Each structure stands twice: as C-alpha cells, then as structure tokens.
Undergrad: 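For reference, the structure I am asking about is given below.
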Amino acid sequence: MIDLRSDTITKPTDQMRKVIYEAEVGDSAYFEDRSVQELEEYCADFFQKESAIFMPSGTMSNQIALRCHTGTGDEVILENTYHINYYESAQTIDLAKVALNACLTSDGVLTPAHVQMLIDSKYRSPVYSIPKLVCVENTISGHGGRAYPIESLQELYHYTKQQGMALHQDGARLLNASVASGVAPHTYAAACDTLSFCFSKGLGAPIGSILIGDQAVINDAKKFRKWYGGTMHQAGFMAAAALYAMQHHVDRLEEDHENAKLLAHLLMDAPGVQIDLDRVETNMVFLDISGSGMSAFEFVEISKKAGVHLFAFSSTIVRVTTHLDVNEEDIRKAAEIMYDLFRRIERNEMNVVYG
Ligand SMILES: *Cc1c(COP(=O)(O)O)cnc(C)c1O
C-alpha cells in the first residue's frame, strides 16, 4: 500500500528511534526534562522569538493560542478552510468559548480588506462579541498547501496591530512554506504574535507541536497546557525526536515538494481530472475529479483497493500528500495506478473490475 493520505502517517526512522532510546529525560511537570528544554530553546532561537512551549498536538497549540489571546465571547476572524475553522470549530466553542467569523477566499490568503469586511459584517458595540484575534494558516492546506505570501502576511500583521487585534499563525507546515518560498522561518515568525508548528507532519517526528511567542503569552500558555491536561511527564523522548527532525529533516522537505510536482505532472491529463499546477508549491496535490462523474469519497475507496491510500478533502477534491516515507518510485507507481483507474472510470469499466 502506498499511503498518501497525510504527512502525519510517517513512522520514525532508525536513527530517530535511536535518539528516542538514548534521550535524557526528567519530569517536565517540574520543568526538569533536559530534552524538552533543549527543544524549546532551539525553537525559540530558530524562529527568533522570546519563548516556546512543547505541546502534545497542533490542535492543542492552536486552542491554547486562542485561549491566550481572547476571553469568553470574543470573536476570532479567519478563512473558511483553515484548520481552526474547518476541523476545530467544536473544540473552539467548547474550550476557548469564542465565536469564529470566517470568510471564503479564492486562494486562502486573508487580506486586511477581508478582515475589515468581516468586522463590518456585524453590528459592533462593546456589549456584543468583540474581534480580538486574526488567524492565518501556513502553508494553506485547504488551498493545496500553498505558502502564505510573506508580503501579504506582513501587511496583515501591520493592519491587525493598528486595529488592536492579535495575529496567530497556524504554521503546522511552516517549514514546507519556508523551503518552497526561500523566506526564512524567522521572517514568517516575525509577522505574527504567536506561531504554532508541528513536528509530526513533514518533519516525520511521532508526536508534538510547539507554540512560540513572547514570554508573557508563553507563560499563560504554560498555565493553560496544565489546565487542558497537556503536561506530559517524561516528554523528552518525543522532544528529542522533534529536535532530531528539526536538525535533519528540514532540507529534505524539498524532495517531498519535487515528488508532489512529479505526481501532478503525471496525472495532469488523466481523464476527468483537473489540477492547478501553479498551486502545487509544497507537498500536496489537489485533484478536482468532478469531471470523472465519481465522488472523491468513492474514488478514495477504489483507489485504496488498488493499493493507493488517498484522502477525500471534499466530495470533489482528492488530496495527495507526499512525505518522508514515500520516494520517487512510489510516486510513479501511485500515479500509474491512479491514472489507470481514471481511464477505466471514463470507459465505465469500474463495475467489471471492482463490482
Ligand atoms: C495537522 C494540523 C493541525 C493539527 O495538528 P494535530 O497535531 O493533528 O492536532 C492544525 N493546523 C493545521 C494547518 C494542520 O495541518
């Protein structure tokens, strides 16, 4: 099975397992885990912000960032496809107890004009919900994994400051953005108040995320991590794996990006499939298969039976994600299998083969 559902499915390499085995650990509830401290210091330094805190998941980093920047009943402005809106709306209502105000965009890039439109879309008064925070996502996973244009981010950050709002960057795949765009990670980090980053996506670590910001916000985050049950005692095993990934798995993200482009080219003229090649910037390919007459959910089923595991992003879009555990040969094989399926769908042969 060639598994292209997500870059979260990777398993630790032998080298990483060795690092996990040998990690120096302590009780991180007492802030005595050397490996956790090392990772947090490394990341604060790497992204050039004051402080950083290791978290069990990207969701917890985001949820705690929302909690730190807002109070009950406040409003958070963002784009419709962002993870925080698309997958975390229930958590957000339950934990941060804020209202999400999202808009649709053509490319996932939230501009000051979008934010202003969302502010103006409601009657504003201190007795109603007050917009306190803007969120962006980088890479923008709901729009094919594109890197957030740095000028747009800087402009938005300037605008949110003028408005007295904070900006949180859900940078789960920030290093994919950085490798693809050539913009330094700390330049992206400088254009927001808080940044969350995942070790368990393209970097290939088993667990973990980090929330980065100034000392005051990270001190608050320490409290909320405790409240949310996110304090992990001998977390150093996982922090050591994450640090290893930061030091050894960043440059190779380029390989994932090349594999995504290769797959997009191989499937470009598959019958019933549309791919916007300009949007294949990092490790994802979005295939709009509406022309095939089959839903993305159905295609994912038949493709799985044929040996390629994919993800249905919506009823019409199949998402392919490249990662550490697939090489060029796997990609060529997966593309061949998928191409063949699309051809058979076009010829109405699928019921014969898989009926
Ligand atoms: C994966 C992801 C998250 C959540 O990370 P988990 O570790 O799965 O909780 C948040 N935001 C984005 C953009 C992601 O891709």
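It should be emphasised that the depicted structure is a prediction, and the values quoted were computed from it without experimental measurement. Throughout, residue positions are numbered sequentially from 1 according to the sequence presented.
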Undergrad: Just how far is it from atom CG of Leu263 to atom CD of Glu328, taken to the nearest 0.5 Å?
TA: 11.5 Å

Undergrad: Assess whether atom CG of Asp251 is packed by more than 12 heavy atoms of other residues, nucleotides or ligands within 6.0 Å.
TA: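 Open: at most 12 neighbouring heavy atoms sit under 6.0 Å from CG of Asp251.
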
Undergrad: Under 3.5 Å, is there a donor-acceptor pair between the Asn138 and Asp170 side chains?
TA: no

Undergrad: Run the side chain to side chain donor-acceptor pair (under 3.5 Å) test against Ser181 and tell me which residues pass, sequence neighbours left out.
TA: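 Partners of Ser181 by the side chain to side chain donor-acceptor pair (under 3.5 Å) criterion, ordered by chain and then number, come out as Tyr188.
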
Undergrad: Answer yes or no: does atom CD of Gln274 have more than 12 heavy-atom neighbours from other residues, nucleotides or ligands under 6.0 Å?
TA: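 No - once you tally the heavy atoms of other residues, nucleotides and ligands closer than 6.0 Å, there are 12 at most.
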
Undergrad: Can you tell me if His257 and Asn176 form a side-chain donor-acceptor pair at under 3.5 Å?
TA: yes

Undergrad: Under 3.5 Å, is there a donor-acceptor pair linking the side chains of Ser28 and Glu32?
TA: no

Undergrad: Do side-chain atoms of Gln48 reach the backbone of Asp45 as a donor and acceptor pair under 3.5 angstrom?
TA: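 Judged by distance alone, no pair lies under 3.5 Å.
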
Undergrad: Crowded around Tyr128 OH? As in, over 12 foreign heavy atoms under 6.0 Å?
TA: no

Undergrad: Assess whether side-chain contact (heavy atoms from CB on, under 4.5 Å) is satisfied between Ile64 and Leu211, documenting all intermediate values.
TA: CA-CA 9 Å; Ile64 287 178; Leu211 181 66; 4.2 Å; yes

Undergrad: In plain terms, say whether Lys18 and Glu22 are close enough for a salt bridge, that is, a side-chain N and a carboxylate O under 4.0 Å apart.
TA: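 Salt bridge: yes.
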
Undergrad: Indicate if Leu267 and Val300 have the same hydrophobic cluster label, given that clusters are the connected sets of ILVMFWY residues with side-chain heavy-atom separations under 4.5 angstrom.
TA: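 They do share one cluster, since a chain of ILVMFWY contacts under 4.5 Å joins Leu267 to Val300.
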
Undergrad: Taking Asn85 for the side chain and Asn80 for the main chain, is one N or O donor matched with an acceptor at less than 3.5 Å?
TA: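 Present.
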
Undergrad: Among the clusters formed by ILVMFWY side chains lying less than 4.5 Å apart, do Val250 and Leu324 turn up in the same one?
TA: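 Cluster IDs for Val250 and Leu324 differ.
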
Undergrad: Looking at CD1 of Ile210 and CD of Glu40, how far apart are the two atoms once the value is rounded to the nearest 0.5 Å?
TA: 5.5 Å

Undergrad: Just jot down the side chain to side chain donor-acceptor pair (under 3.5 Å) partners of Ser290, sequence neighbours excluded, or say none.
TA: Asp288

Undergrad: Give a yes or no on whether a salt bridge exists between Arg344 and Asp340, defined as a side-chain N under 4.0 angstrom from a carboxylate O.
TA: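 Yes, this pair counts.
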
Undergrad: Phe197 vs Phe47 aromatic rings, parallel, tilted or perpendicular, using cut-offs 30° and 60°?
TA: tilted

Undergrad: Closer than 3.5 angstrom, by distance alone: can the side chain of Tyr82 be matched with the main-chain N or O of Gly142 as a donor-acceptor pair?
TA: no

Undergrad: Taking side-chain contact (heavy atoms from CB on, under 4.5 Å) as the test, write out the residues that go with Thr92, two or more places apart.
TA: Gln63, Leu66, Ile84, Glu88, Val98, Leu100

Undergrad: Is the Lys NZ or Arg CZ of Lys222 less than 6.0 Å from the centre of Phe31's six-membered ring, within 45° of the axis?
TA: yes

Undergrad: Hey, what do you get for NZ (Lys201) to CZ (Arg173), rounding to the nearest 0.5 Å?
TA: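 Between Lys201 NZ and Arg173 CZ, I get 4.5 Å after rounding to 0.5 Å.
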
Undergrad: Between Asn62 and His168, do the side chains contain a donor N or O and an acceptor N or O under 3.5 Å apart?
TA: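 Looking only at side-chain atoms, Asn62 and His168 do form a donor-acceptor pair, the distance falling under 3.5 Å.
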
Undergrad: Please check: side-chain N/O of Thr282 versus main-chain N/O of Gly145, any donor-acceptor pairing under 3.5 Å?
TA: yes

Undergrad: Shared ILVMFWY cluster between Phe46 and Met238, side chains joined below 4.5 angstrom?
TA: yes

Undergrad: Is there a continuous path of hydrophobic side-chain contacts, each under 4.5 Å between heavy atoms, that joins Val109 to Leu156?
TA: yes

Undergrad: Looking at Ser303 and Val308, would you say the former's side chain and the latter's main chain have a donor-acceptor pair under 3.5 Å?
TA: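 Yes, Ser303 side chain to Val308 backbone: donor-acceptor pair under 3.5 Å.
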
Undergrad: Between Phe286 and His143, is the ring centroid distance below 6.0 Å?
TA: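 Aromatic pair excluded; centres sit 6.0 Å or further apart.
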
Undergrad: For the hydrophobic clusters of this structure (ILVMFWY residues joined by side-chain heavy atoms under 4.5 Å, transitively), does one cluster hold both Ile119 and Ile130?
TA: no

Undergrad: Do the two ring centres, one from Phe342 and one from Phe299, sit under 6.0 Å apart?
TA: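 Centroid distance Phe342-Phe299: below 6.0 Å, so yes.
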
Undergrad: Do other residues, nucleotides or ligands put more than 12 heavy atoms under 6.0 Å from Lys333 NZ?
TA: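 No, NZ of Lys333 has 12 or fewer neighbouring heavy atoms, counting only those of other groups under 6.0 Å.
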
Undergrad: Would you say CD of Gln162 has more than 12 non-hydrogen atoms from neighbouring residues, nucleotides or ligands within 6.0 angstrom?
TA: yes

Undergrad: With rounding to the nearest 0.5 Å, note down the distance linking NE2 in His69 to CG in Asp220.
TA: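 With rounding to 0.5 Å, NE2 (His69) is 9.5 Å from CG (Asp220).
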
Undergrad: Using side chain to side chain donor-acceptor pair (under 3.5 Å) as the criterion, list what pairs up with Arg225, not counting sequence neighbours.
TA: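 Partners of Arg225 by the side chain to side chain donor-acceptor pair (under 3.5 Å) criterion come out as none, since no residue qualifies.
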
Undergrad: Return the orientation label for the Phe224 and Trp227 ring planes: parallel under 30°, perpendicular over 60°, tilted otherwise.
TA: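 Ring orientation, 0 to 90° scale: perpendicular.
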
Undergrad: Any donor-acceptor pair under 3.5 Å linking the side chain of His83 with the backbone of Gly58?
TA: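 Answer holds: no.
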
Undergrad: Residues two or more places apart in sequence or in another chain: which of them pass side chain to side chain donor-acceptor pair (under 3.5 Å) with Asn219?
TA: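 By the side chain to side chain donor-acceptor pair (under 3.5 Å) rule, Asn219 matches Gln215.
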
Undergrad: Which residue pairs satisfy the side chain to side chain donor-acceptor pair (under 3.5 Å) criterion with at least one member in residues 97-121, sequence neighbours excluded?
TA: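 As it turns out, the side chain to side chain donor-acceptor pair (under 3.5 Å) pairs with a partner in residues 97-121, which skip direct neighbours, are Glu75-Asn101, Glu79-Thr105, Thr111-His114, Gln116-Asp120, Gln116-Tyr159.
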
